[in-house]
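Atoms within each ligand, like the ligands themselves, are counted from 1 in listed order.
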Amino acid sequence: MVSRRNFLRTSSLLAAGTMLPGVSHSNVLNSLSAIDRVNVGLIGCRNMGWYDLTDSLKHPNVRCVALCDVNRPLLEKRAAELDKDYQQKVDLYNDYRRLLDRKDIDIVIIGTPDHWHCLQFVDACSAGKSVYVEKPIANSIAECDAMVYAANRYDTVVQVGQQQRSAKHWKEMIDYLNEGHLGTIGQVNVWANFNYGAIASHVADSPQPEGVDFAMWLGPAPEVPFNTSRFNGLWRLYWDYGGGLLTDWGVHLLDMALWGMKVNGMPNKTVGIGGNYFYPEGGHETFDSLNVTYQFDNFVINWSNNAGIETGLGGRNYGVMFRGTNGSLVADRNNWEVIPEGSKLSYRKSQADNKDHQDHVTNFLNCVDTKNRKTSCPIETGSLSAKYAHLGNISARMGGALLTYNEQLKHFDNKAANKYLQPTYHHPWKFPRTK
Ligand SMILES: NC(=O)c1ccc[n+]([C@@H]2O[C@H](COP(=O)([O-])OP(=O)(O)OC[C@H]3O[C@@H](n4cnc5c(N)ncnc54)[C@H](O)[C@@H]3O)[C@@H](O)[C@H]2O)c1
């Protein structure tokens, strides 16, 4: 099993933003255009939501007026930080609906675990807010549909937290691919190998920590006793709240594969095979070893994740590799390079500027200011890559079923697979409309 010490090291790196290249820590912004004053409320304050907020606050006209979390001590700690570092006093909420009731809030950032995104997003849209929602947009395919429907119904300006969409070097990569240098691309490989994907261990249930409202943490998910192994961050490894490395990293990286290959719909076929083979004694439900193939008319996209090891293709523990007849292009958040096939191409390398997260937040603020729904990552883009991630997990959870998903009819060609499309919400939470 991955040692807790190793995981803690990984998760503190995550928390420090070093696993998220592009989360810039400079206090000065010079790339923002002047925007009118906006008030922000943050729902889910521990990790990524906090980075989304603090990068927003680098703009002088953005003010945080409310924080919401089900963990009271954390909420108070964040409020104290806002007061000390930004001289901003905020109101604190346990129930996000009370934050949404506030008429003075223009923007809501959703940084909760994946199983909460759909309800909070739909409610924020219907309350007339602009929304920055973290990825994957949802923990199921039907929730993705409900969110796309709500955003269009309420004409909401949305940015999905897939910040690679705002990165200079990824955009340069797309231009390079569009210019056709690689020849015929028949295969794209996408992979993510991270220790934290296998960290959850079996621990006894325990009383919920002082100041934590675990029933509200669970919300629409099935009722279970409190267990530290499902809580802060670790929820990613349990199907009721997340989808393992395929939803966590897959939405970022598959998004690049789909963008590069100009894919706007579902694949012809999907097959996923996985299991917990590296760490069978671990507590995680999501697969530590997983391969998924998405088949299209003229190419395949392959996903692979290995949790508990951190090495990978081309010396990169995560990345995307487009394989063409003239050469291959391999990319991660640091750079991309072209590996020629014989002498058909010249070697080329392009470096990241590490501003992707800040630029992504800035793009959102500018779009809110101008009421422009064409953000760098609108809800439809987030929905597409989230659905790909769920397709792969569903096939693998069925032991390797070969699946075709019909986007018009919104079902699979396989009855057993259809039961994975929509979670049963726990009372009193109601599944939102999808049309
Ligand atoms: N864009 C990126 O690169 C990136 C990186 C990390 C995480 N994320 C995404 O951000 C989201 C949050 O991940 P994390 O790592 O910050 O998780 P986390 O567990 O560290 O933080 C989630 C926070 O939400 C709070 N919360 C839970 N239920 C709530 C509710 N009903 N109301 C209010 N608060 C509630 C929790 O108490 C916790 O403080 C996930 O969707 C994740 O995939 C994105």
Side-chain angles (χ1 to χ4, degrees), residues 10-23 41-53 55 66-78 92-100 108-121 123-124 132-139 143 159-167 192 194 196 208-209 211-221 226 228 230-238 241-253 255 318 333 356-358 360-361 364 377 382 385-386 389 426 429:
T10 308
S11 57
S12 62
L13 285 176
L14 235 175
T18 49
M19 294 279 289
L20 305 164
V23 177
L42 168 64
I43 307 173
C45 307
R46 182 172 172 269
N47 180 29
M48 198 61 202
W50 181 250
Y51 285 110
D52 297 334
L53 176 68
D55 267 357
L67 296 178
C68 170
D69 206 287
V70 296
N71 183 339
R72 188 77 199 182
L74 174 84
L75 205 48
E76 286 168 2
K77 175 174 170 281
R78 289 308 193 199
L92 305 183
Y93 297 90
N94 175 71
D95 186 331
Y96 74 96
R97 293 168 295 187
R98 300 295 77 77
L99 180 148
L100 294 180
V108 170
I109 298 171
I110 299 176
T112 49
D114 305 350
H115 69 284
W116 257 117
H117 291 180
C118 176
L119 271 182
Q120 292 173 337
F121 178 88
D123 288 345
Y132 190 108
V133 61
E134 265 310 334
K135 50 47 61 176
I137 66 158
N139 200 33
E143 288 174 316
Q159 183 80 295
V160 176
Q162 290 171 208
Q163 63 270 14
Q164 291 180 191
R165 281 270 167 174
S166 292
F194 287 98
Y196 78 83
Q208 64 189 10
V212 169
D213 180 350
F214 191 55
M216 195 61 177
W217 188 97
L218 287 170
F226 181 81
T228 51
R230 287 170 180 254
F231 197 44
N232 290 333
L234 293 171
W235 50 262
R236 290 168 162 77
L237 312 182
Y238 296 89
Y241 329 115
L245 291 175
L246 179 49
T247 54
D248 216 24
W249 274 86
V251 291
H252 286 301
L253 301 172
D255 184 31
Y318 69 92
R333 289 179 175 184
D356 55 351
H357 188 265
Q358 183 63 71
H360 205 52
V361 167
F364 174 60
C377 192
S385 56
H426 184 254
W429 302 100

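With sequence neighbours excluded, no residue forms a ring-ring contact (aromatic ring centres under 6.0 Å, His included) with Tyr93.
Taking each of Asp69, Ile43, Val133, Val70 in turn, the one with a heavy atom nearest to atom 30 (C) of ligand 1 proves to be Val70. The heavy atom nearest to atom 43 (O) of ligand 1, out of those in Lys135, Arg333, His357, is found in Lys135.
Under 4.0 Å is where a charged nitrogen must lie from a carboxylate oxygen, and between Lys135 and Asp248 at least one such pair does. Looking at Asp123 and Arg97, no side-chain N of the basic residue comes within less than 4.0 Å of a carboxylate O on the acidic one, giving no salt bridge.
For ligand 1, none of its N or O atoms has an N or O atom of Phe231 under 3.5 Å away. For Asn71, no nitrogen or oxygen atom sits less than 3.5 Å from a nitrogen or oxygen atom of ligand 1, counting backbone and side chain alike. Taking only nitrogen or oxygen atoms, main chain and side chain alike, Gln163 reaches within less than 3.5 Å of ligand 1. Ligand 1 has no N or O atom lying under 3.5 Å from any N or O atom of Pro113, backbone or side chain. Annotation: Tyr96 places no N or O atom under 3.5 Å from an N or O atom of ligand 1; distance criterion only. In terms of N/O distances under 3.5 Å, ligand 1 is not approached by Asn94. Among the atoms of Gly233, some N or O lies under 3.5 angstrom from an N or O of ligand 1.
With ligand atoms numbered from 1 in the order given, ligand 1 contributes 41 (O) to contacts under 4.0 Å with heavy atoms of His117. Close contacts between ligand 1 and Gly44 involve ligand atoms 23 (C), 24 (O), 25 (C), 34 (N) [criterion: under 4.0 Å to a heavy atom]. Applying the 4.0 Å criterion to heavy atoms of His252 picks out, from ligand 1, the atoms 1 (N), 2 (C), 3 (O). The contact set between ligand 1 and Asn232, taken as ligand atoms under 4.0 Å from a residue heavy atom, comprises 19 (O). Near Cys68, the atoms of ligand 1 lying under 4.0 angstrom from a non-hydrogen atom of the residue are 33 (C), 34 (N). Ligand-side atoms of ligand 1 in range of Met216: 31 (N), range being under 4.0 angstrom from any heavy atom. Interface atoms of ligand 1 facing Leu74, defined by a heavy-atom separation under 4.0 Å, are 39 (O). Residue Gly161 has at least one heavy-atom neighbour below 4.0 Å for each of these atoms of ligand 1: 1 (N).
The minimum heavy-atom distance linking Gly44 with Thr112 is given by the pair CA-CG2, 3.9 Å. Nearest heavy-atom pair across His360 and Cys377 is CE1-CB, 3.8 Å. For Gln120 against Leu100, the heavy-atom pair with the smallest separation is O-CD1, 4.4 Å.
Contact annotation for Trp50 and ligand 1: no heavy atom of the residue comes within less than 4.0 Å of the ligand. When heavy-atom distances to ligand 1 are checked against a 4.0 Å cut-off, Gln120 comes that close only through its side chain, counted from C-beta outward. At a heavy-atom distance under 4.0 Å, no atom of Thr247 approaches ligand 1. With a 4.0 Å cut-off on non-hydrogen atoms, Asp248 touches ligand 1 through its side chain and not its backbone. At a 4.0 Å heavy-atom cut-off, ligand 1 touches Trp235 through the side chain alone. Counting heavy atoms under 4.0 Å from ligand 1, residue Arg46 touches it through both backbone and side chain.
Note: Tyr96 OH to Ile110 CD1 = 9.0 Å, rounded to the nearest 0.5 Å. Annotation: the span from Arg46 atom CZ to Asn232 atom CG amounts to 4.0 Å, rounded to 0.5 Å.
In this pair, Phe194 and Tyr196 present their aromatic rings tilted. The plane angle is within the 30 to 60° band. Phe231 and Phe226 have perpendicular rings, their planes meeting at more than 60° on a 0 to 90° scale where under 30° would count as parallel.
Note on ligand 1: Arg236 sits in its first shell, one or more heavy atoms being nearer than 4.0 Å. For the ligand labelled ligand 1, residue Pro136 lies inside the 4.0 Å heavy-atom shell. Taking 4.0 Å as the cut-off, Gly111 counts as a neighbour of ligand 1 on heavy-atom distance.
For the pairing with Gln163, the side-chain contact (heavy atoms from CB on, under 4.5 Å) check across Asp52, Asp356, Asp55 returns one residue only, Asp356. Just one residue in the list Trp429, Trp217, Phe121, Tyr241 forms a ring-ring contact (aromatic ring centres under 6.0 Å, His included) with Trp116, and that residue is Trp429.
For the pair Arg236/Asp114, no side-chain contact is recorded, criterion being any heavy-atom separation below 4.5 Å from C-beta on.
For His115 (side chain) and Pro220 (main-chain N/O), no donor-acceptor pair under 3.5 Å exists by modelled atom type.
Ring-centre distance between Tyr238 and Trp235: not below the 6.0 Å cut-off.
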